[in-house]
Amino acid sequence: MGNRGQKRLEMAVDLPDDKRACSSLDFRPSTSGSSVQTHLNSTNSTPETQHNDMDTSSSASASSRSEGEPEKDSGYGSCDSDDADPRHSGLREYQRRRSSGDHGKLRSILVSLNDEGDPSRQLVALTELCEVLSFGTEDSLSSMMVDSLSPVLVKLARYENNPDIMLLAIRGITYLCDVFPRSSGLLVRHDAIPALCQRLMAIEYLDVAEQCLQALEKISRDQPLACLQAGAIMAVLTYIDFFSMSIQRVALSTVVNICKKLPSECPSPFMEAVPVLCNLLQNEDQQLVESVATCLIKIVERVSQSSEMLDELCRHGLICQATHLVNLNTRTSLSQPVYNGLIGLLGKISSGSIVAFKTLYELNISSIIKDILSTYDLSHGMSSPLIVDGHCNQVHEVLKLLNELLPTSSGDQSVQMVLEKQSFLVDHPDLLQKFGMDILPMLIKVVNSGANIYVCYGCLSVIKKLLYLSKSDMLVELLKSANIPSFLAGVFTRKDYHVLILALEIAEIILQKLSDTFLNAFVKEGVFFAIDALLTPEKCSQSLFPVFSGIHPCSNSSQKSSGREVLRCLCYAFDTGMSSSAPEPGTCKHDKDSVHNLAKRIRTNYFSPELFDSEKGLTDILQNLRTSSAALCDLMGMCASNDALAQNEEKFYCLLHQIMEKLNGSEPISTFEFIESGIVKSLVNYLSNGLYLRDDMELPGAYSILYAVEKRFEVLARLFLASSDIPSQDLPLSILVRKLQSALSSLENFPVILSHAFKYRNSLVTVPYGRCTNHPSLRVRFMRGDGETCLCDFSEDLVTVDPFSSLDSIEGFLWPKVSIKGSEDAGSSAQAMDHMNSQPLHLPSEANTVQSERPESMSTELPPVKHDSMSADLPEIQGGVANVPALASEIAVTLRQSNPGDVQPLPENHAGRSNEHTPSKLMFFLEGQKLDRTLTLYQAILQQQIKADNETLTGARVWSQVYTITYRRAIASEYYDPQGCHHLGQQSHVLDKLEANYASFFSSMFACELASDVDKSSPIYDILFLLKCLEGVNRFTFHLTSHERILAFSEGRIGNLDDLRVGIRRLQQNDFVCNKLTEKLEQQMRDSSAVSIGGMPLWCNQLMASCPFLFSFEAKCKYFRLAAFGARQIQPHSPHHNNPGASSDRRSATGGVPRKKFLVCRDRILESAAEMMEQHAHSKALLEVEYNEEVGTGLGPTLEFYTLVSHEFQKSGFGMWRDDHSSFSIKGSSRAEDSDTVMSPFGLFPRPWSCAINTSDGVQLSDISKKFVLLGQVVAKSLQDGRVLDLPFSRAFYKLILDKELTLYDIQSFAPELGRTLLEFQALVNRKKYWESTYGETSANRPDSSFRNTRVEDLYLDFTLPGYPEYVLAFGTDHNMVNMNNLEDYVALVVDATIRTGIYKQIEAFKSGFCQVFSIKHLQNFTEEELERLLCGERDIWTFNDLLDHIKFDHGYTASSPPIVSLLEIIQEFDNEQRRAFLQFVTGAPRLPPGGLASLNPKLTIVRKERMKEKLLYAITEGQGSFHLS
């Protein structure tokens, strides 16, 4: 090669610069369709200089590439603008003139090329030909001209005497294929491929060989078979190592093109390439490896029916290489389709090759599969980003591979091969045992995590095969760690008969081999009762196991995860790769009596008749739990007088303690025993005093009942959250929560409805408005009800209806058309409002979307938005406290009127109605059933599908049917109940009597319906309600415990004020997350019908509203964005398969939203923010910031802008926050002398302002209110756009944002000293009141009323707010100085001023500003900690592996490069401030978005430039504050 390169160099010296060897890209900067992106250098070009330094960069950093082009003016770039046609016509005229000139040139060139006697003339002609072709178009050539040029170029490509002629001739062939794609066939006819292959095999000149590879890549696109037959595969692969990486990619693209069209016969031309391809799998270039893997996948597909060829593939090491690539621990980057294809490759080879089968077992494939399946598990309540549609295909491939690795005679494989594979497993029981120990627990986790029916069936089929192949002694060891009876009991709650048959077969195999070992366990876990329920459903007293109703049409239960409905039965879903016969659509391997016959056989053979006796069939634990349950019921029926109440509390405590000891005892309690005992129902009934099942709270003695509930919850908190002497020991609450979560996962059957036929396409909807949507519509026929005389017939036959519109919107459309003369007046009065409410629930703001997305009629009817409406209204707030609520309501109305197009899409299901008390005019019926007004039409239809017996339903038939909806005149007394909380309003006056500290707690506990899909008599309802109670107790632990301590102090059981301090151990919020329900919600949100939360089954919305703690933070984030902003901001992300970090929607959720740029000034950040919000608060466009006199724009500057705004709001002197004393002459200021930032160690909380004071030391309350309006706008806009703020709000402030009521106990979270003192004062007050009520005011034994050995009077406290002497709490002689008689008033007034009246105006201003962007109610599903995480990002400490997993390496760097390792070690050693500065430097924000490093989009990228620790820290420190890079 060296001599040949020298030969080429010498000949090139004599040529002019423009005719020397160069790549095709020298002429054509952008070759269409070419995969080559790197400039190709010939052998005589200067090598690229390698820099040994390193740079850390991100697209979000200083240079900051824009997230997308900003939104242009309406006429910009439009295809129908005024000058479009003349400009285009002129271009076409120029092209015609150019083409006619090219024809003449080409004829002249052709003559010169045929002049064989003058090589120099030929060389010049080739150069001119390349120039003409490089700028030509298809119109420049004709078939006749190409047919004439092709043989000449092919001939010159063989001209060995002149390498320059060969180079330019081959380049001409390349350009010819580019300009005239049909020329490939003509070139093949003139033997171009053999000529190119000959040059490649000779490889005398490297640049000629490179050009040959590019020419072959072009030809192979249209002529892959000709390339194969000419030996092109080996020609491009033989010397592939001699080329640069970019040229190697071109060579592999050729092989990929050929392998995609491999013929079924004559496999030898491609089989000889397998050794080279297998070696290339070890290459470090991701793109090259993916191309090689694609080739091998196609080759395996072609030879999958030949065992001999599969064995030959194995001998070349394909199994080892492919196994290495699919191993998640190798950190090899592959795209999801290629990764899935490699798993499928292993399955196909192992299906037909005994060699592959043995090799996979010897390579410990089970460990690799275990890692793959672990990504499906929702561990710790965190939703894995890997569970996307591609991952469902991945799990499918894994299950097919597992089925191949467990051979049975049930498939279509040859009997001989099955026997050989089984013989291998018999001879190597250790391999099979290791396989089972790895796989069985993971399969059980996958099924329990909420896998759909398809994945569930695949997992069960693998488990059945594994148990069938395992011997009895091996089975004992295998099942020791997996509670298979409990698992089977949960599977028996499924409704699909395929799943039931597999569960019965698994149970029969276990009983056949280990009957003595598992018979009692089957009884204990309820497997026996489940099998008995299949035969005698009438004996089931509780709905623990569903009644089996026989076989259903197989097409309903066999949907495919990939999004296409499958007509095959589930029986054939995991057929082997060697299967030769395809089943007929609709056929099934099982008959209608299969379940019944199998269940009967098991019961007859393995369960003795005495088990059918109800007493003998019960375990001892079950009977003991039933006794405790009965005792709770008896306690419930006892007298509830005040004397008896205390006794009942102690009995309840003892009884609860006994129950917990049983639950945590040495003998485990199964889910079946736990539920069947009735202990959950009794506990819930006692805790709620029977209220949770009542629809009416209007009871005699309701106050005493709720007071009893309060006391019982305090007992619950005292027992369940008692601090243990052993810190690592589980709290009693965690034991009960785990048991309830296990029971919920086993029993729940909330349906997942997938719309596989749903396609995003434009559809014209007539109802409730005439416009196009990008989702399909429903075809509906409206008919007047029989006997209805007050309404007209609807004239149209069929209409198209938006499926996600509310029934109120449909009524608004229909009412004017069906109301008769007598009712027209009533209809017309509401018609205007109905028109405004007739917008679909899935669009967040129709008034502010792109013009093309809304109907023309609407755009003219909407009034203009007043951006300064808030500023005009705020001064009116400055009145007295009495006017505050009314004025707040007026502000809300003003906001709604100023932007009537902002129809927010639920959380309330009544979003379509402006006045929740407006009576309905029409009632709607579908198939005789009245439709629920709270549902969208799509949800109403789904509710009817849910009544079917299938667990996972397909929504395909939803879009093809015609629905007949009957309408009737509504009954006059029918009013709309917006929340479904039918007893909340009735109980309000009862709750007002309770202590204010508990009103909100119990109102939320008993207010809303949990899930309408669940019957209140169902154990699932009891489990959900008890979990709701326990989660509430966990959140209110400090409140409940402190209240109980204060009561103990007042009664004399505690004598020291120091004993009021409580140490609290709470459960993590993730402990309440139900992994199975989270995965079901994730599946539903990934479905194409989820263009709004109105497109999902009702249980999703109801459980999210009533029990949001059941869902992971990531799932709640996706639901929030879907509810608040619609599907346009929910972009499916496809993170890499080996990227285990959590993903967030904040960065990837903005792909389809228009963008707008805004110019800001660094020295006027707040003013710029105010201008931005005034112009764009109501807009749904994504805002991007650029700074005045700075070039940088895009994500980095935008993130920095929100950070700078956050810091501006924390500056002292504004009077916004409690710890801001810079404007007031107060001693003890917490402001640092050398800093102008408010220092709040416990978080920012609004400074209280007296309603009687509008100005204090030059700071006006109206200015502060305006700042809180702006703060609300900025916070909401950052959430809408997915930006991170650096605002350390206090936990109490987050509670106010979430519309939660603050109490005395919350003050400690932001003002610890004040909060503790007020609690101690309250304890003194309560003790005084208790003794006076018990022993009288003149009792001689009155307890000491001093405060820490000091009389209250000697504290010299006046009635001003502590820390704010200008804030006077009360006037009058009784409220001059604080004494024991008015101490209760003092505490109440301080609490009111601190967390209610004193901050009311600021909080309302914040909410009003927030709601100008989107409704603040959408945040109410989050906890305070989650809201901080959503708004301010993560505070994770980075581990080395985290950095390695989520940083991209480029410019030749890999994860193992020494400079990379050194850099990551430096970053890992950063302290908190250095880490914040580093993030600010590379991303523009000092904190990571929710999800941490994994959610950075684009990823942090490291390229070559010198940055060691000192220089890195210097750059981080000095590089802040500007974006001067373009």
Side-chain angles (χ1 to χ4, degrees), residues 35 37 217 220-221 224 233 237 240 245-246 248-262 270 273-274 276-304 313 316-350 356 360 365 368-369 371-373 375-376 385-401 561-563 577 1132-1140 1445 1448-1449 1454-1455 1499:
S35 62
Q37 297 176 353
E217 196 274 334
S220 66
R221 298 178 189 179
I233 291 182
L237 292 179
I240 190 171
M245 185 56 63
S246 56
Q248 290 186 39
R249 293 173 182 172
V250 175
L252 262 300
S253 297
T254 304
V255 183
V256 170
N257 294 336
I258 297 173
C259 289
K260 286 181 178 179
K261 301 291 184 181
L262 289 177
F270 58 81
V274 170
V276 181
L277 292 173
C278 289
N279 289 332
L280 286 173
L281 283 177
Q282 304 176 45
N283 199 290
E284 291 188 355
D285 184 72
Q286 175 187 345
Q287 185 176 337
L288 190 74
V289 171
E290 288 195 359
S291 297
V292 174
T294 303
C295 296
L296 290 170
I297 291 168
K298 297 299 180 180
I299 290 174
V300 170
E301 287 178 357
R302 181 58 61 197
V303 302
S304 60
L313 290 173
H316 293 304
L318 176 57
I319 295 295
C320 296
Q321 295 297 336
T323 304
H324 175 78
L325 288 175
V326 299
N327 190 345
L328 296 183
N329 296 322
T330 61
R331 302 185 187 277
T332 304
S333 298
L334 293 177
S335 64
Q336 193 72 54
V338 173
Y339 186 81
N340 296 345
L342 282 174
I343 299 174
L345 176 147
L346 293 176
K348 290 181 176 67
I349 297 183
S350 61
L360 285 172
I365 187 64
I368 297 174
I369 296 176
D371 292 337
I372 296 173
L373 288 177
T375 64
Y376 195 89
L386 309 172
I387 309 175
V388 294
D389 291 338
H391 189 269
C392 293
N393 293 333
Q394 177 177 309
V395 173
H396 173 224
E397 296 297 341
V398 168
L399 292 175
K400 288 171 69 174
L401 174 59
S561 309
S562 62
H1133 55 284
S1134 301
H1136 188 261
H1137 69 269
N1138 61 356
N1139 188 0
D1445 285 336
K1448 179 182 177 182
F1449 311 109
T1454 65
K1499 283 182 174 294

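- Separating the CD1 atom in Ile319 from the CG atom in Leu345 is a distance of 6.5 Å, to the nearest 0.5 Å.
- The line from CD1 of Ile258 to CZ of Arg221 is 13.0 Å long, rounded to the nearest 0.5 Å.
- Of all the heavy atoms in Leu280 and Val289, the pair that sits closest is O-CG2, 4.2 Å.
- Between Ser350 and Gly347, the closest heavy-atom pair is OG-O, 3.0 Å.
- Between Ser253 and Glu217 the shortest heavy-atom distance is CB-CG, 3.8 Å.
- With sequence neighbours excluded, the residues forming a side-chain contact (heavy atoms from CB on, under 4.5 Å) with Ala293 are Leu281, Val338, Leu342, listed by chain and number.
- For Lys261, the side-chain contact (heavy atoms from CB on, under 4.5 Å) criterion is met by Pro224, not counting sequence neighbours.
- In plain terms, the two heavy atoms of Leu277 and Val292 that are nearest each other are O-CG1, 3.1 Å.
- With sequence neighbours left out, the side-chain contact (heavy atoms from CB on, under 4.5 Å) criterion links Asp285 to Met245, Arg249, Asn283, Gln287, Leu288.
- Atom CD1 in Ile365 sits 4.5 Å away from atom CD1 in Ile369 (nearest 0.5 Å).
- Atom SG of Cys320 and atom CG of Leu360 lie 9.0 Å apart (nearest 0.5 Å).
- Shortest non-hydrogen contact noted between Gln286 and Ser335 is NE2-N, 4.4 Å.
- Atom CD1 of Ile372 sits about 11.0 Å away from atom CD of Glu397, to the nearest 0.5 Å.
- Rounding to the nearest 0.5 angstrom, the gap separating the CD atom in Gln282 from the CG atom in Leu325 is 9.5 Å.
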*Can you list the steps and then say if Leu252 with Leu237 is a side-chain contact (heavy atoms from CB on, under 4.5 Å)?*
CA-CA 8 Å; Leu252 262 300; Leu237 292 179; 4.2 Å; yes

*Give the intermediate values and the outcome of side-chain contact (heavy atoms from CB on, under 4.5 Å) for residues Ile343 and Leu346.*
CA-CA 5 Å; Ile343 299 174; Leu346 293 176; 5.6 Å; no

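- With contacts defined as side-chain heavy-atom distances shorter than 4.5 Å, the pair Val255/Thr294 does not qualify.
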